[in-house]
Amino acid sequence: MPDTKQPRRATRAQVRQFLAAAGYEGTPPDDLVTEYVDLVSAAGRPGLPRHRLAVHLTAQSAGWAAPAVAVFEAARREQQQTRAQASAAARDTATRDAERAAAYVAGVWERTGAGPTWTELGDELGWSPALRARIIRLLANDGVLTYSTQPRSLAAAAGRAES
């Protein structure tokens with residue numbers, strides 16, 4: 001699936017914050033801010049590994065020359081590929097375990113009068129902690145499970161639980 005979504009363009013204020021994080025003292029001139037817009041856009045929001053890398057490389061560069069944007073575009077593509085793989089794995093797991101999940105949740109309701117936690121369901125079915133929430137949301141979207149904001153509200157959708 002080709003990636004057609006472009007990163008959001010960084011604002012001048014975001015560029016100034018980026019340069020300050022890299023150690024630039026004072027107010028950067030407009031031409032320097034303009035030079036860094038593409039880099040800051042590709043680096044993403046603060047806290048991302050590629051953003052931290054961009055700040056580090058900028059701080060290490062001589063004369064405040066912007067590092068190559070290609071490094072950060074590659075990191076963005078890799079991050080999107082990882083997300084797509086996680087999404088596919090969650091979809092496969094949700095499809096495979098739909099009936100087991102509904103039966104387990106219905107059984108917990110029968111025994112305790114309340115639903116299991118998401119962690120309990122994931123542990124029972126051997127789901128990765130990183131994918132649990134995504135799988136449960138997929139099962140809810142597919143009409144297998146329901147939940148609300150209340151604790152232990154996870155339930156099998158009407159007609160999905162085995163008696």
Without swapping roles, check the side chain of [X] against the backbone of [Y] for a donor-acceptor pair under 3.5 Å.
X: R96; Y: D92; answer: no
X: R8; Y: S41; answer: no
X: S153; Y: Y147; answer: no
X: W127; Y: T119; answer: no

Closest contact, heavy atoms only, [X] versus [Y]:
X: A155; Y: V105; value: CA-CG1, 3.4 Å
X: A102; Y: A156; value: O-CB, 3.7 Å
X: V144; Y: A98; value: CG1-O, 3.4 Å
X: V33; Y: P28; value: CG2-CG, 3.9 Å
X: L145; Y: L121; value: CD1-CD2, 4.0 Å
X: P116; Y: L154; value: O-CB, 3.6 Å

* Single-linkage hydrophobic cluster, 4.5 Å side-chain cutoff, L48 and V37 together -> no
Spacing of [X] atom [atom1] and [Y] atom [atom2] [to the nearest 0.5 Å]:
X: I136; Y: L131; atom1: CD1; atom2: CG; value: 11.0 Å
X: R83; Y: Q80; atom1: CZ; atom2: CD; value: 7.0 Å
X: R91; Y: L138; atom1: CZ; atom2: CG; value: 4.5 Å
X: L53; Y: H51; atom1: CG; atom2: NE2; value: 11.0 Å
X: I135; Y: T93; atom1: CD1; atom2: OG1; value: 4.5 Å

* Side-chain heavy-atom pair T34, R12 within 4.5 angstrom cut-off -> yes
* Measure the shortest side-chain to side-chain distance between Y24 and T58 over non-hydrogen atoms and say whether it is less than 4.5 angstrom. => no
* Asked: Does CD belonging to E78 count more than 12 external heavy atoms closer than 6.0 Å?
  -> no
* Parallel, tilted or perpendicular: rings of Y36 and F18 (30°, 60°) -> tilted
* Structure fact -> salt bridge (Lys or Arg N to Asp or Glu O under 4.0 Å) pairs touching residues 113-135, sequence neighbours excluded, are E120-R152, D123-R132
